[in-house]
Amino acid sequence: MKRKKFHLSHSVIGTILFVIVEGVFLTAIAPVPLRIALILLAALAGGIAHIVVATEVIEEVRNARHLLVLLSAVVAIFVAFFAFQYWFLISSAPGSFPGLGTGGTDLLLHSTMIFVFNPIFLPATAAARLLLLINTFGALALVLFILQNVWQIRGK
């Protein structure tokens, strides 16, 4: 039986398509509460999907150095994905994170949750707090999963 081969490009393309489809749906939905619900559901689905992708990388890649490179790429894609989720939320509900801009660097900082340590930039709405919670749990699960598996590789 031939072993499946993991392709990072599939993950990148899948994430890009997911964000585009989400953006199209968000522009088609008029009521803000429905847009916010879609953003939160997409964030939850995307967080789970990135953990599944990390699982595939660990199952399929045998070379430790290549594995670390691919897992680092998965984490970068995760951060970029959540940057878009924050952008969608701030675009739909501008008061959700007061004081934070919508520039690329700001969005990446949102998705790495750096602002959590600065009380001036705390989430102001329930949706913003929920998105932060989804992002936090997804990031913790992804990092703990990666660390646990990298530790196993190091032990071999």
Side-chain angles (χ1 to χ4, degrees), residues 4 6-61 67 69-150:
K4 284 191 323 185
F6 177 80
H7 296 282
L8 183 63
S9 61
H10 294 170
S11 179
V12 171
I13 291 168
T15 301
I16 291 169
L17 289 175
F18 188 85
V19 168
I20 289 171
V21 168
E22 180 184 4
V24 168
F25 277 117
L26 287 174
T27 58
I29 296 174
V32 172
L34 286 177
R35 279 189 267 159
I36 291 172
L38 176 63
I39 293 165
L40 295 174
L41 286 173
L44 185 61
I48 291 169
H50 285 93
I51 293 169
V52 170
V53 168
T55 304
E56 287 180 20
V57 169
I58 290 167
E59 288 176 352
E60 299 302 323
V61 179
L67 176 68
V69 169
L70 288 177
L71 288 175
S72 297
V74 169
V75 170
I77 295 167
F78 178 88
V79 168
F81 172 77
F82 271 97
F84 276 101
Q85 300 312 305
Y86 284 102
W87 181 66
F88 287 146
L89 183 63
I90 291 170
S91 297
S92 296
S96 48
F97 288 99
L100 291 175
T102 56
T105 304
D106 289 332
L107 292 171
L108 289 172
L109 288 173
H110 291 340
S111 66
T112 57
M113 301 168 289
I114 195 73
F115 61 90
V116 171
F117 302 111
N118 187 344
I120 295 172
F121 299 125
L122 289 177
T125 64
R129 287 188 290 278
L130 192 53
L131 182 58
L132 176 61
L133 190 63
I134 292 168
N135 187 6
T136 303
F137 282 142
L140 285 173
L142 186 63
V143 168
L144 291 174
F145 180 74
I146 289 171
L147 287 176
Q148 182 247 345
N149 283 287
V150 167

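For the single chain, residues carry numbers from 1 onward in sequence order.
- How far CG of L40 is from CG of L130: 5.0 Å, rounded to the nearest 0.5 Å.
- Taking CD1 of I134 as the start and CD1 of I48 as the end, the distance is 9.0 Å to the nearest 0.5 Å.
- For the pair R35 and L38, the minimum side-chain heavy-atom distance is 4.5 Å or more.
- In this structure, I77 and H50 approach most closely via the heavy-atom pair CG2-NE2, 3.3 Å.
- Looking at heavy atoms from C-beta onward, N135 lies in side-chain contact with F78 at the 4.5 angstrom threshold.
- Looking at S96, its side chain does come within 3.5 Å of a backbone N or O of A93 through a donor-acceptor pair.
- Distance CG/L132 to CZ/F82: 10.0 Å, rounded to 0.5 Å.
- Heavy-atom minimum distance, I39 versus S92: CD1-OG, 3.8 Å.
- At distances below 3.5 Å, not a single donor-acceptor pair connects side-chain atoms of S11 with backbone N or O atoms of H7.
- Summarising the geometry of F97 relative to P123, their closest heavy-atom pair is CE2-CB, 3.5 Å, with the distance given to 0.1 Å.
- Looking only at side-chain heavy atoms (C-beta outward), T15 and F84 stay at 4.5 Å or farther from each other.
- Atom CD1 in I29 sits 11.0 Å away from atom CD1 in I36 (nearest 0.5 Å).
- Checked against V74 for a side-chain contact (heavy atoms from CB on, under 4.5 Å), the options V57, T55, V12 give a single hit: V57.
- When every heavy atom of A43 is checked against every heavy atom of Q85, the shortest pair comes out as N-OE1, 3.9 Å.
- When all heavy atoms of Y86 and L107 are compared, the closest pair comes out as C-CD2, 4.3 Å.
- Contact detail for F81 and A42: the closest heavy-atom pair is CZ-O, 3.4 Å.
- Taking 4.5 Å as the limit, some side-chain heavy atom of L71 sits within range of a side-chain heavy atom of I58.
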